[in-house]
Amino acid sequence: MYAELHCHTNYSFKEGASAIDELLPRARELGYRALAITDHDNLCGAMQFAQVARSLDLQPIVGAEITLKGGHHLTLLAETRQGYANLCRLVSYAYISADRRKPELDPKYLPEHAEGLLLLTGCRKGRVASLLTEGKDEEAETEAKRYLEWLGPERVFVELQQNLAHGDTRRNRRLVELARRLDVPVAATNNVHYHTPDRRRLQDALVSIQHNKSLEETHRERRPNSEFYLKSAGEMADLFAEIPEAIDNTLCIAEQCS
């Protein structure tokens with residue numbers, strides 16, 4: 001089994017191409033027992049998500065993909081009610097301390113509001129992943145150690161994503177090496193932006209609107225393929241066949257958030 005822990009709804013404005021009422025029934029069809037939503041810098045869909053999930057006998061996990069100062073991303077999940085309250089505060093700080101149209105959270109707020117939160121190190125735009133891609137292994141290790149200091153070793157996971165895009169395999173290999181050096185568990189996610197592959201075209205259009213450009217002009221901004229959909233447990237297990245613990249740990253995280 002598998003639990004998707006990095007999923008965007010249409011509340012990830014001009015990014016997410018599927019509604020909550022589409023993602024959750026699809027998750028149910030795929031045999032999911034738990035699903036997280038991690039919309040960009042907001043919790044607008046949290047209430048609706050929780051209500052619909054419970055009506056379908058699915059465990060809702062509320063989170064957010066936070067943009068940090070400097071533009072890097074970080075995935076945070078609410079483990080407890082206190083964690084949800086802290087996540088609300090962090091999202092608010094991101095808007096208060098930056099341009100409201102482009103929220104960014106100063107990491108200095110994280111230690112004070114870490115209680116009840118689980119941290120995944122983020123997508124390819126995460127600071128740890130970005131530093132490793134740039135060959136800055138020592139800086140990446142230092143950043144990961146900061147997260148461990150702030151949240152504790154039982155609440156930090158190195159996030160792995162395999163969307164069959166250029167650089168994914170090499171980046172995951174380096175992330176796994178870092179995780180093993182620090183004795184930190186890994187967790188697989190698919191950075192979901194739509195519930196079925198055919199929504200890729202809508203997602204492309206949304207990204208083009210976001211950048212006020214034509215489809216032809218947004219080749220770099222758009223996602224490289226149609227792999228960012230809600231995958232089955234079997235599909236995810238195949239992608240991470242060499243790192244099965246990355247799949248198993250998603251269920252452990254879901255249990256922690258239950």
Side-chain angles (χ1 to χ4, degrees), residues 5-8 11-12 15 36-46 60-134 136-161 171 175 178-179 181-189 191 249-250 252-254 256-257:
L5 302 172
H6 191 138
C7 181
H8 297 277
Y11 287 105
S12 285
E15 275 276 343
I37 58 165
T38 54
D39 284 315
H40 286 294
D41 302 304
N42 79 75
L43 295 164
C44 297
I61 302 170
V62 175
E65 185 173 20
I66 299 292
T67 303
L68 298 176
K69 192 174 181 180
H72 291 108
H73 294 178
L74 192 64
T75 312
L76 296 175
L77 303 175
E79 179 185 19
T80 64
R81 290 190 178 190
Q82 182 60 48
Y84 178 73
N86 278 327
L87 187 57
C88 290
R89 292 186 181 97
L90 291 172
V91 169
S92 296
Y93 288 145
Y95 283 89
I96 292 169
S97 60
D99 183 343
R100 291 178 64 85
R101 294 168 297 180
K102 193 178 180 182
E104 291 188 346
L105 178 69
D106 190 323
K108 71 179 183 181
Y109 293 113
L110 272 169
E112 183 182 351
H113 300 286
E115 183 183 348
L117 290 174
L118 298 183
L119 183 151
L120 280 64
T121 54
C123 62
R124 63 183 178 85
K125 292 184 179 180
R127 181 157 170 76
V128 171
S130 297
L131 288 169
L132 288 175
T133 299
E134 295 168 12
K136 300 177 180 178
D137 292 30
E138 289 186 10
E139 291 183 45
E141 187 168 325
T142 298
E143 186 71 9
K145 285 178 177 177
R146 289 172 72 199
Y147 298 153
L148 291 167
E149 180 183 344
W150 292 345
L151 284 91
E154 72 284 354
R155 293 192 285 135
V156 175
F157 298 80
V158 171
E159 187 170 358
L160 308 177
Q161 295 181 349
R171 181 177 61 255
L175 284 165
L178 173 65
R181 284 200 304 274
L182 298 179
D183 194 25
V184 178
V186 294
T189 72
N191 199 7
N249 285 338
T250 67
C252 296
I253 292 170
Q256 281 182 249
C257 295

| remark: Correct closest heavy-atom pair for H72 and S130 would be CD2-OG, 3.6 Å
| task | For atom CD of E115, decide whether the heavy atoms of other residues, nucleotides or ligands shown that lie under 6.0 angstrom number more than 12. | result | no
| query | Counting N and O atoms only, with roles assigned by atom type, does the side chain of N249 sit under 3.5 Å from a partner on the main chain of A187, one being a donor and the other an acceptor? | reply | no
| remark: The reported gap from CZ in R146 to CG in L148 (rounded to nearest 0.5 angstrom) is 12.0 Å
| field | Identified side-chain contact (heavy atoms from CB on, under 4.5 Å) partner of V184 from the options V156, L178, L175 | value | V156
| query | Do H113 and R89 have side chains that get closer than 4.5 Å, going by heavy atoms? | reply | yes
| task | Check each of I66, N86, L76 against V91 using the side-chain contact (heavy atoms from CB on, under 4.5 Å) test, and report the only one that passes. | result | I66
| How long is the span from the OG1 atom in T38 to the CG atom in L77, to the nearest 0.5 Å? | 7.5 Å
| message | Consider side chain to side chain donor-acceptor pair (under 3.5 Å). Of E65, H6, H40, which one does H73 pass it with? | response | E65
| note | Between L43 and C88, the two heavy atoms sitting closest are CD1-SG, 3.6 Å
Please tabulate, for the side chains in residues 116-128, all donor-acceptor contacts under 3.5 angstrom to protein atoms that are two or more places apart in sequence or on a different chain.
residue, atom, partner, partner atom, Å
T121, OG1, E159, N, 2.9
R127, NE, E143, OE1, 3.4

| request: Identify the two heavy atoms, one from A129 and one from R171, that lie closest to each other, and give their separation to 0.1 Å. | output: CB-CD, 3.7 Å
| query | What are the two closest heavy atoms between C257 and A78, and how far apart are they? | reply | SG-O, 3.7 Å
| message | Are the side chains of F157 and T75 in contact, using a 4.5 Å heavy-atom criterion? | response | no
| Ion pair E149/K145, N-O distance below 4.0 Å | no
| message | Which heavy atom of N42 sits nearest to which heavy atom of A64, and what is that distance? | response | O-CB, 4.2 Å
| query | Checking D41 side chain against T67 main chain: does a donor-acceptor pair fall under 3.5 Å? | reply | yes
| task | Decide yes or no for E139 and E134: does some side-chain heavy atom of the first lie under 4.5 Å from some side-chain heavy atom of the second? | result | no
| query | Is Y147 close to L74 at the side-chain level, that is, under 4.5 Å between some pair of heavy atoms? | reply | yes
| request: Just say parallel, tilted or perpendicular for the rings of Y93 and Y109, cut-offs at 30° and 60°. | output: parallel
| request: Drop me the distance from L131's CG to T142's OG1, to the nearest 0.5 angstrom. | output: 9.0 Å
| Any donor-acceptor pair under 3.5 Å linking the side chain of R155 with the backbone of E79? | no
| Considering all heavy atoms of both residues, which atom of C7 and which atom of A36 are nearest to each other, and what is their separation? | CB-O, 3.1 Å
